[in-house]
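The block underneath contains the structure these notes are about, expressed in structure tokens.
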Number of protein chains: 2
Amino acid sequence: MNHQSATANVSGRHFLQERMMLSEQEYLAQYDASRYASPIVTVDSVLFSLWQEQLCVLLVKRANHPQKGWWGLPGGFVDMQQDATTRDTALRKLREKTSVDPAWLEQLATFSGADRDPRGWSLTTAWYALIAAETCKAVSDDVSDACWQPIEGMAQRTDIAFDHQHIITEALIRLRQKTLYSLLPVHCLPAEFTLTQLQQVTELILARPVQRKSLIRRFEASAMFEETGESVATGARRAKLYRLKPGSDMHNFSRNLMVED
Amino acid sequence: MNHQSATANVSGRHFLQERMMLSEQEYLAQYDASRYASPIVTVDSVLFSLWQEQLCVLLVKRANHPQKGWWGLPGGFVDMQQDATTRDTALRKLREKTSVDPAWLEQLATFSGADRDPRGWSLTTAWYALIAAETCKAVSDDVSDACWQPIEGMAQRTDIAFDHQHIITEALIRLRQKTLYSLLPVHCLPAEFTLTQLQQVTELILARPVQRKSLIRRFEASAMFEETGESVATGARRAKLYRLKPGSDMHNFSRNLMVED
DNA sequence: GAAATAGTGTCTTTTAGACAGTATCGG
DNA sequence: CCGATACTGTCTAAAAGACACTATTTC
């Protein structure tokens with residue numbers, strides 16, 4: 001085997017490599033994602049708030065097909081130009097409806113399947129969020145396509161699009177679970193709030209009374225809040241106002257409030 | 001206005017409806033999902049088990065681009081023909097590697113973004129699973145592309161594809177959290193197991209000792225298990241064997257084992 | 001001062017932590 | 001009988017439940 005044939009051999013191998021063993025860069029240069037069939041990808045959010053003394057979610061009357069005219073969760077397609085992640089998609093869609101960012105936004109789960117959307121095999125990454133209803137004027141004031149609808153009776157409704165009823169149920173389960181071991185419900189309240197308000201949201205979320213004393217003990221132990229110095233008169237003795245300490249994370253307790261039924 | 005013109009009017013309106021106000025059926029008939037650009041959709045699983053006295057995850061040497069030769073999670077594209085949901089995709093991909101279904105499989109979260117896969121804007125629904133390593137022969141016996149790799153040191157590795165290191169970290173956080181308030185670790189054990197084995201998995205997952213007495217109290221309180229009647233000799237006094245009671249769900253305790261650091 | 005709402009004190013209950021004590025086995 | 005592993009008893013500790021009590025405000 002002379003030098004010439006060895007070189008030929010090497011370049012022959014190199015040629016093979018180009019055909020059968022592409023480099024990473026070559027592979028990526030020729031890759032075209034649009035050649036492959038792929039599910040319909042959307043993002044939906046379950047936005048909770050307190051509205052008219054009730055725990056509500058924000059629903060939107062669907063302006064377009066499919067399921068035009070039905071009530072659905074605020075959401076839509078990922079915009080690969082605008083959105084860095086599906087979290088951005090969720091925030092963008094919520095901002096369109098409320099004109100502000102929610103105080104809390106966390107991923108719930110991804111729901112998928114061939115039957116959940118009549119357009120075909122689809123997948124939605126669902127988020128759940130909390131906001132103080134009074135901070136988003138757009139929703140509460142306008143005669144709009146988006147409005148707060150009570151959680152109570154939600155499971156019996158027949159005018160909810162896709163599997164959004166199921167997603168709302170799962171979001172409520174998650175919100176209730178978190179309420180048992182954190183003070184998450186504060187994010188349904190305005191920036192300054194009283195302990196009584198916190199107790200009320202907590203009771204509305206859990207749909208049962210909670211011991212005020214237990215709540216106060218947790219409130220103090222969390223070290224998440226500070227007095228504003230102000231107080232409000234809600235009938236009799238004035239109630240102290242509290243706010244979130246800047247930069248404090250949600251505290252998780254190591255045991256649940258009340259044992260589940 | 002005679003009968004003739006009224007009819008013309010109606011069919012004129014109907015024509016308008018076809019152009020501007022499609023019915024749901026008409027809309028669906030003309031809908032073509034493939035016209036819209038959409039993210040790359042995959043499913044990945046973090047399969048945990050006990051192997052050689054260590055908590056391990058199943059990693060697969062990537063046979064194809066991108067990131068060929070790197071270690072990644074078992075997973076892949078959704079097959080819209082075969083898979084009813086992404087759960088089926090996860091199970092199918094795990095079965096290919098282990099030839100059995102995991103004892104536990106639960107959705108972790110969905111990770112998305114423009115940068116996590118070099119092919120473009122992508123989204124993966126990640127699951128985490130538990131299995132007894134001894135039940136899946138294919139993995140442990142063969143010189144295969146899939147093998148158990150210890151969790152310890154995983155965060156320092158530089159040979160893990162995509163954001164799979166991050167996904168593994170999140171899965172471990174979730175597994176540890178669940179271990180604090182349930183007996184989930186039993187699903188890393190064979191169908192019949194001793195309390196000492198359960199204690200060992202629990203300690204490996206949490207990376208710290210647990211009070212055997214606390215574990216036994218929970219074991220009994222859960223009512224999830226029954227004695228097999230058999231026992232095994234592991235050196236000295238024989239240890240009783242237990243199995244999951246058929247049809248029993250995972251019990252969640254209302255407080256955590258040990259307070260987090 | 002009565003009524004109402006806000007907030008505190010304190011005893012009980014539940015369940016984990018700690019660890020000493022007993023049981024069963026092989027040698 | 002010794003050592004080792006499996007299992008139990010029981011006291012302590014932490015935090016929630018229950019509820020009576022005090023404080024502040026309006027009328």
Side-chain angles (χ1 to χ4, degrees), chain A residues 53 176-183 185 189 192-203 206 208-242 251-261, chain B residues 53 176-183 185 189 192-203 206 208-242 251-261:
Chain A
E53 322 273 272
R176 283 188 171 150
Q177 202 49 50
K178 287 238 169 192
T179 299
L180 292 178
Y181 65 81
S182 76
L183 297 172
L189 299 176
E192 304 198 345
F193 59 91
T194 67
L195 283 168
T196 300
Q197 284 179 294
L198 178 56
Q199 182 176 3
Q200 282 165 351
V201 213
T202 306
E203 291 182 337
L206 296 174
R208 74 176 103 170
V210 301
Q211 290 280 333
R212 183 184 178 86
K213 181 73 187 183
S214 300
L215 208 61
I216 292 176
R217 276 193 290 235
R218 287 185 158 209
F219 191 80
E220 287 170 356
S222 76
M224 288 169 57
F225 307 96
E226 59 189 11
E227 294 185 19
T228 66
E230 307 289 301
S231 64
V232 281
T234 49
R237 177 173 172 177
R238 301 179 71 80
K240 282 185 193 162
L241 281 171
Y242 295 88
H251 180 84
N252 291 331
F253 300 93
S254 66
R255 54 194 283 194
N256 285 353
L257 209 58
M258 69 202 9
V259 176
E260 50 275 21
D261 292 312
Chain B
E53 322 273 271
R176 283 189 171 148
Q177 202 50 50
K178 288 237 169 193
T179 299
L180 291 179
Y181 64 81
S182 76
L183 296 171
L189 299 176
E192 305 198 345
F193 59 91
T194 66
L195 283 170
T196 299
Q197 284 179 295
L198 178 56
Q199 182 176 4
Q200 282 165 352
V201 212
T202 305
E203 291 181 339
L206 296 176
R208 73 177 103 169
V210 301
Q211 290 280 334
R212 184 186 178 87
K213 181 71 189 186
S214 300
L215 209 61
I216 293 176
R217 277 192 290 236
R218 290 186 157 208
F219 192 80
E220 286 171 357
S222 76
M224 288 168 57
F225 307 96
E226 59 190 11
E227 294 185 18
T228 66
E230 306 289 302
S231 64
V232 281
T234 50
R237 178 171 170 179
R238 301 179 71 81
K240 283 185 193 164
L241 281 170
Y242 296 89
H251 180 83
N252 291 331
F253 300 93
S254 66
R255 53 195 282 198
N256 285 352
L257 210 56
M258 68 202 12
V259 176
E260 49 277 20
D261 292 313

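Chain letters run A, B, ... following the sequence lines, proteins first, then strands; residues in each count from 1.
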Task: Donor-acceptor under 3.5 Å (B:Arg255 side chain, A:Ser254 main chain) - done: no
- [ ] Report the distance from atom CZ of A:Arg208 to atom C1' of D:dG17, rounded to the nearest whole Å.
- [x] 13 Å
Open item on the list: For A:Phe253, does the six-membered ring have the charged nitrogen or CZ of A:Arg218 within the cation-pi criterion, i.e. under 6.0 angstrom from the centroid and within 45° of the normal?
Closed with: yes
Check nucleotides 2-8 of chain C against the protein and report each pair of N or O atoms closer than 3.5 Å, with its distance, or say if there are none.
{"residue": "C:dA6", "atom": "OP1", "partner": "A:Thr196", "partner atom": "OG1", "Å": "3.3"}
{"residue": "C:dA6", "atom": "OP1", "partner": "A:Thr234", "partner atom": "OG1", "Å": "3.1"}
{"residue": "C:dA6", "atom": "OP2", "partner": "A:Thr196", "partner atom": "OG1", "Å": "3.0"}
{"residue": "C:dA6", "atom": "N3", "partner": "A:Arg237", "partner atom": "NH1", "Å": "2.9"}
{"residue": "C:dG7", "atom": "OP1", "partner": "A:Lys240", "partner atom": "N", "Å": "3.0"}
{"residue": "C:dG7", "atom": "OP2", "partner": "A:Arg212", "partner atom": "NH2", "Å": "3.1"}

TODO: Can you measure from CZ (A:Phe225) to CG (A:Leu241) and round to the nearest 0.5 angstrom?
DONE: 13.5 Å
Task: Donor-acceptor contact below 3.5 Å, side chain A:Ser182 vs main chain A:Thr179 - done: no
TODO: Take the protein atom CZ of A:Phe253 and the nucleotide atom C1' of C:dA16, then report the distance between them rounded to whole Å.
DONE: 18 Å
TODO: Could you list all the salt bridge (charged side-chain N to carboxylate O under 4.0 Å, His left out) pairs where at least one residue sits in residues 222-235 of chain A, not counting sequence neighbours?
DONE: A:Glu226-A:Arg243, A:Glu227-A:Lys240
Task: Below 4.0 Å: OP1/OP2 of C:dT15 and any side-chain N or O of B:Arg217 - done: no
Task: Nearest-nucleotide pick for A:Gln211, side chain only, options being D:dC19, C:dA16, D:dA16 - done: D:dC19
Open item on the list: Without decimals, in angstroms, what is the distance between B:Gln200 CD and D:dA6 C1'?
Closed with: 12 Å
Open item on the list: In whole Å, I'd like the distance from the CG atom of B:Asn256 to the P atom of D:dA16.
Closed with: 12 Å
- [ ] To the nearest 0.5 Å, tell me how far A:Gln197 CD sits from A:Thr234 OG1.
- [x] 8.5 Å
Open item on the list: Using whole Å, what does the distance between atom P of nucleotide D:dA16 and atom OH of A:Tyr181 come to?
Closed with: 15 Å
Task: B:Leu215 CG to D:dT8 P, straight-line distance once rounded to whole Å - done: 13 Å
Task: Point-to-point distance, once rounded to the nearest 0.5 Å, from NZ of B:Lys213 to CD of B:Gln199 - done: 13.0 Å
Task: Length of the CG-C1' vector between B:Leu241 and D:dC7, whole Å - done: 15 Å
TODO: Write down the distance between CG (B:Leu257) and P (C:dA18), rounded to a whole number of angstrom.
DONE: 11 Å
Task: Residue whose closest nucleotide on DNA chain D lies nearer the 5' end, A:Arg218 versus A:Ala233 - done: A:Arg218
